[in-house]
Amino acid sequence: MLPTGYHDYHRILAKLIGFPTVSADSNLPLIDYVEELLEKHGFRCRRRYNEDGTKANLIASIGPEKPGGIALSGHTDVVPVSGQEWRTDPFELVERQGRLFGRGTSDMKGFIALSLAAACSIDSSRMKKPLHLIFTYDEEVGCIGARALQEELDGMPDKPGFVLIGEPTGMQLVTAHKGIQNNVMRIRGKPAHSSRPDLGASAIEFAARFVSGIGRCLPGESDSGFNPPTATFNAGTIHGGEAINIIPERCELRWEFRHLPSQDAAGIQRDLNRLSDSIQNEMPGIAVEIETVAAVPGLAAGMNGDIANELRRILELPEPVSTTVPFVTEGGLFQEAGIPAIIWGPGLLEQAHQPDEHVSVKAMDEYAGHLERIVMHNTM
């Protein structure tokens with residue numbers, strides 16, 4: 001049973017799922033709905049658009065305009081459904097056997113619905129500290145919306161005491177995660193007949209040498225709090241060549257590294273660039289361009305652990321060792337703006353991005369009660 005006074009998160013979630021906010025498309029219809037809902041309940045809303053005006057971040061605030069309180073934050077975009085076999089319409093909320101199905105139910109419109117339900121139920125006349133809701137665009141393609149907000153978040157006169165980000169953690173309080181850097185490498189070699197490799201320079205061979213040398217560039221530092229405990233590398237896609245009997249002139253390699261929050265991503269990138277340079281010296285005729293397409297900082301535990309302990313006390317939860325995750329969130333960007341971040345949501349990572357994505361009604365109802373207590377404790 002939902003707490004007394006709670007708005008119907010199920011109804012809100014159905015509306016949110018109905019907006020097909022795949023990262024390639026606009027999120028403005030969803031933002032319109034959310035802004036109208038919040039303004040009816042007294043929130044001060046402001047939008048921050050992307051460069052072409054097709055997407056927007058939304059910051060909504062209520063209560064005293066002074067530092068402190070809490071922010072609830074989530075991204076409005078979802079991953080595509082193309083190529084996936086769904087048993088239901090992914091953009092229609094369906095309840096079956098105690099589970100809510102639809103794209104974004106777990107990651108992370110379920111949390112946004114609960115945040116909106118909590119926000120619409122708050123008694124603003126009793127508030128001593130502010131409540132902020134921050135909803136972003138394009139998290140799934142590099143946390144672009146949150147990065148665009150960093151300067152504004154850093155300069156907020158009513159900066160929140162911390163932000164709660166409802167990524168799917170299975171109700172585990174997460175205080176730290178790795179960072180990520182995504183790169184695309186465009187390699188141009190020299191074509192030749194395959195019977196005379198000495199006359200050409202293979203772009204694909206360059207890519208192969210680069211991938212095989214990555215291990216020498218990643219730092220050996222480890223942190224047992226993470227699984228895996230070290231920085232990792234993945235070559236995600238490689239495309240190149242024209243025919244089996246032609247030395248390939250072109251190749252494109254897309255790759256990423258995920259680093260511990262304590263590690264210098266720029267330093268790792270410099271080492272990888274030096275690896276590329278050394279291979280070029282060994283392979284005359286090769287030209288390389290490396291572009292960083294996304295870079296998101298890790299989330300360092302810092303004072304997040306103290307905040308997590310306070311939340312456990314408020315909710316009367318057991319006190320496990322602080323939890324870390326290997327995936328990336330917007331938390332590191334909030335931290336860089338001077339706002340501590342806790343990652344905590346009702347969904348499961350195993351369901352995120354999957355066909356028939358879902359979240360359990362039991363978890364949503366339990367989280368609703370927890371969220372009400374947290375919001376009350378940090379605003380009243």
Side-chain angles (χ1 to χ4, degrees), residues 22-24 79-84 138-144 147 177-222 226-298 326-328 353:
V22 174
S23 302
V79 297
V81 299
S82 56
Q84 295 185 339
D138 284 358
E139 187 271 352
E140 296 288 6
V141 291
C143 297
I144 296 171
R147 185 171 291 283
H177 62 64
K178 290 185 175 181
I180 190 172
Q181 188 151 313
N182 293 339
N183 296 272
V184 57
M185 173 181 278
R186 300 180 182 92
I187 310 158
R188 183 166 184 175
K190 182 180 178 182
H193 194 283
S194 60
S195 67
R196 290 295 306 274
D198 55 305
L199 298 179
S202 171
I204 290 179
E205 180 183 346
F206 179 94
R209 289 194 190 187
F210 181 82
V211 171
S212 66
I214 290 294
R216 301 193 301 270
C217 297
L218 296 181
E221 174 190 358
S222 65
F226 286 88
N227 182 22
T230 61
T232 60
F233 168 84
N234 181 58
T237 66
I238 182 168
H239 301 283
E242 295 294 336
I244 195 170
N245 59 351
I246 302 175
I247 302 298
E249 179 183 12
R250 298 181 186 275
C251 182
E252 181 182 277
L253 172 68
R254 290 183 177 267
W255 49 279
E256 66 165 36
F257 64 84
R258 295 176 183 257
H259 57 92
L260 299 173
S262 59
Q263 292 172 334
D264 176 19
I268 297 174
Q269 185 67 56
R270 285 192 296 271
D271 288 342
L272 292 169
N273 291 344
R274 282 193 285 269
L275 171 64
S276 174
D277 292 342
S278 69
I279 300 172
Q280 286 182 72
N281 291 334
E282 298 169 358
M283 297 184 65
I286 292 287
V288 178
E289 174 192 344
I290 300 176
E291 178 188 359
T292 297
V293 294
V296 184
F327 61 82
V328 173
H353 302 189

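Basis for what follows: all heavy atoms, side chains included, without hydrogens, waters or symmetry-related copies.
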Shortest non-hydrogen separation from [X] to [Y] and the atoms involved:
| X | Y | result |
| --- | --- | --- |
| Met283 | Ser202 | CE-O, 3.5 Å |
| Glu139 | Val328 | OE2-O, 3.8 Å |
| Ile246 | Pro191 | CG2-CB, 4.4 Å |
| Ala207 | Ile238 | CB-CD1, 3.8 Å |
| Asn183 | Gln269 | OD1-OE1, 3.1 Å |
| Phe226 | Pro261 | CZ-CD, 3.7 Å |

Flag side-chain contact, heavy atom, 4.5 Å: [X] against [Y]:
| X | Y | answer |
| --- | --- | --- |
| Leu218 | Ile268 | yes |
| Glu205 | Ile286 | no |
| Arg209 | Ser278 | no |
| Leu253 | Val211 | yes |

Exercise. Arg147 side chain to Ala295 main-chain N or O, any donor-acceptor pair under 3.5 Å?
Worked result: yes
Exercise. Is it true that a side-chain atom of Gln84 and a backbone atom of His353 form a donor plus acceptor pair closer than 3.5 Å?
Worked result: yes
Inter-residue atom distance [X].[atom1] - [Y].[atom2], 0.5 Å rounding:
| X | Y | atom1 | atom2 | answer |
| --- | --- | --- | --- | --- |
| Asn182 | Arg258 | CG | CZ | 7.5 Å |
| Ser212 | Leu275 | OG | CG | 8.0 Å |
| Gln263 | Ser222 | CD | OG | 9.0 Å |
| Ile204 | Arg250 | CD1 | CZ | 13.0 Å |
| Phe233 | Ile214 | CZ | CD1 | 4.0 Å |
| His259 | Ile180 | NE2 | CD1 | 8.5 Å |

Lys/Arg-Asp/Glu bridge criterion (N-O < 4.0 Å) met for [X], [Y]:
| X | Y | value |
| --- | --- | --- |
| Asp271 | Arg274 | yes |
| Arg254 | Glu252 | yes |
| Glu249 | Lys190 | no |

For this session: Tell me, yes or no, whether the heavy-atom count around Glu221 atom CD, taken from other residues, nucleotides or ligands under 6.0 Å, exceeds 12.
Result: yes
For this session: May I have the step-by-step check of side-chain contact (heavy atoms from CB on, under 4.5 Å) for His193 and Leu199, ending in yes or no?
Result: CA-CA 8 Å; His193 194 283; Leu199 298 179; over 6 Å; no
Problem set entry | Verdict with reasoning, Phe257 to Leu272, per side-chain contact (heavy atoms from CB on, under 4.5 Å) | CA-CA 10 Å; Phe257 64 84; Leu272 292 169; 3.7 Å; yes
For this session: Could you check whether the rings of Phe210 and Trp255 sit parallel, tilted or perpendicular, using 30° and 60° as the cut-offs?
Result: tilted
